[in-house]
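I have placed the structure first, in the form of structure tokens, so that the comments after it can refer back to it.
All figures in this text were calculated on a predicted structure; none of them were measured in a lab.
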Amino acid sequence: MEPENLTSAVTAAPAPDLSLLVIGLLKGVQYREQDERQWEDLLNLQARVRDYVAVLNLDLVLDEAEGYAFLKSRPEPADDDPAPRLPRLIARRPLSFAVSLLLALLRKKLAEFDAGGSDTRLILSRDEIADLVRVFLPDGSNEARLIDQIETHINKVVELGFLHKLKSVGGSSAGIASYEVRRILKAFVDAQWLAEFDARLAIYQTALSTTAADQKGRDE
């Protein structure tokens with residue numbers, strides 16, 4: 001005998017919640033890997049999300065291929081534009097020179113990694129990240145101080161969301177930390193910026209050499 005209503009026995013999937021999606025985006029970057037269901041909801045409702053956040057003077061940045069989405073403030077109007085200047089809901093984060101250099105080096109490493117096409121996740125140890133910076137410092141830099149400084153800069157980049165610290169193998173904290181370079185970094189350091197990378201690094205290297213020389217003079 002057939003059930004009176006077969007469809008009533010099937011639990012319907014809950015409808016996507018626009019408010020839940022927007023609140024999640026306002027809290028920070030959303031990744032496909034964190035919640036596949038919510039990611040699908042975001043893809044299905046992205047037009048409505050864009051309209052919703054536009055009222056807050058925000059744009060939705062969504063990269064379906066890389067699997068991330070975030071909100072950013074709309075560009076401010078030009079000086080001769082009569083449009084009102086709205087308060088920024090998402091504050092700008094000024095970065096130190098050293099953190100900017102580290103982000104630039106990680107972005108270049110990610111581009112080289114992608115060109116190799118061997119994997120989708122770029123994972124670097126703390127020592128490998130230190131080596132990226134070390135080549136731009138003058139000979140004779142204090143190694144212990146360098147590692148301490150790089151640890152501080154790495155932690156800042158983790159806080160910004162461009163590096164993800166991985167758990168040590170076996171749960172032990174004794175080993176050297178490893179980090180995954182988040183692909184969202186590509187959205188903040190674009191191809192045009194990367195094309196000018198060598199010129200920028202020359203400026204960075206000069207500034208770092210000057211800073212190191214000043215520090216050495218104070219230590220002597």
Side-chain angles (χ1 to χ4, degrees), residues 28-29 31-33 61 63 65-70 72 90-169 173 175-219:
V29 180
Y31 291 99
R32 177 176 52 213
E33 66 198 48
V61 178
D63 191 316
E66 299 287 9
Y68 61 76
F70 62 94
K72 70 173 184 178
I90 299 177
R92 287 176 174 166
R93 295 183 178 183
L95 301 179
S96 68
F97 162 78
V99 171
S100 296
L101 171 61
L102 181 54
L103 289 176
L105 293 169
L106 290 172
R107 177 64 178 91
K108 185 171 187 290
K109 189 72 174 178
L110 185 58
E112 294 170 348
F113 178 79
D114 286 346
S118 57
D119 201 349
T120 58
R121 300 176 66 200
L122 172 57
I123 297 174
L124 300 171
S125 68
R126 184 204 65 189
D127 288 351
E128 288 174 322
I129 295 175
D131 287 341
L132 294 177
V133 179
R134 186 181 284 107
V135 298
F136 295 96
L137 297 177
D139 294 336
S141 298
N142 186 298
E143 183 70 14
R145 179 180 295 153
L146 171 64
I147 294 298
D148 287 344
Q149 290 174 342
I150 290 177
E151 287 271 17
T152 300
H153 303 327
I154 288 175
N155 290 337
K156 180 61 177 178
V157 175
V158 170
E159 177 187 328
L160 292 170
F162 299 121
L163 281 175
H164 173 62
K165 188 173 183 178
L166 303 176
K167 293 182 179 179
S168 301
V169 177
S173 60
I176 296 175
S178 294
Y179 302 84
E180 178 180 355
V181 181
R182 288 289 199 180
R183 308 192 69 80
I184 193 174
L185 181 58
K186 296 171 66 176
F188 288 84
V189 183
D190 58 23
Q192 180 179 352
W193 194 98
L194 198 61
E196 303 167 356
F197 187 79
D198 290 338
R200 291 177 185 272
L201 279 187
I203 296 172
Y204 286 155
Q205 190 166 18
T206 299
L208 278 176
S209 298
T210 302
T211 301
D214 291 344
Q215 182 65 49
K216 184 177 180 181
R218 288 194 294 268
D219 292 342

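- Smallest separation of non-hydrogen atoms from His153 and Ala98: NE2-CB, 3.3 Å.
- To the nearest 0.5 Å, atoms OH (Tyr179) and CD1 (Ile129) are separated by 6.5 Å.
- Side-chain atoms of Val181 and Lys109, non-hydrogen and from C-beta on, never get closer than 4.5 Å to each other.
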Residue pair Arg121, Leu166: steps toward the side-chain contact (heavy atoms from CB on, under 4.5 Å) verdict: CA-CA 12 Å; Arg121 300 176 66 200; Leu166 303 176; 3.8 Å; yes

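- The CD1 atom of Ile184 sits 14.0 Å away from atom NE2 of His164, with the distance rounded to the nearest 0.5 Å.
- The pair Asp63-Lys186 fails the salt-bridge criterion, with no side-chain N (NZ, NE, NH1 or NH2) lying under 4.0 Å from an Asp/Glu carboxylate O.
- With rounding to the nearest 0.5 Å, the separation of CG in Asp127 from CD1 in Ile150 is 9.0 Å.
- For Lys165 against Ala177, the heavy-atom pair with the smallest separation is CE-CB, 3.7 Å.
- Residues Ile123 and Ser178 approach most closely at CG2-CB, 4.2 Å, considering heavy atoms.
- In this structure, CG in Leu101 is found 9.5 Å from CG in Leu106, a value given to the nearest 0.5 Å.
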Residues Phe162, Leu102; criterion side-chain contact (heavy atoms from CB on, under 4.5 Å); working and verdict: CA-CA 11 Å; Phe162 299 121; Leu102 181 54; over 6 Å; no

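- The shortest heavy-atom contact between Glu33 and Arg182 is OE2-NH1, 2.9 Å.
- Here the rule is side chain to side chain contact (heavy atoms under 4.5 Å, CB included) with Ile154, and of Val157, Val158, Thr152 only Val158 fits it.
- Separation of atoms NZ (Lys156) and CG (Leu163) is listed at 13.0 Å; rounding is to 0.5 Å.
- Remark: side-chain polar atoms of Arg183 are not paired, donor with acceptor, to backbone N or O of Tyr68 under 3.5 angstrom.
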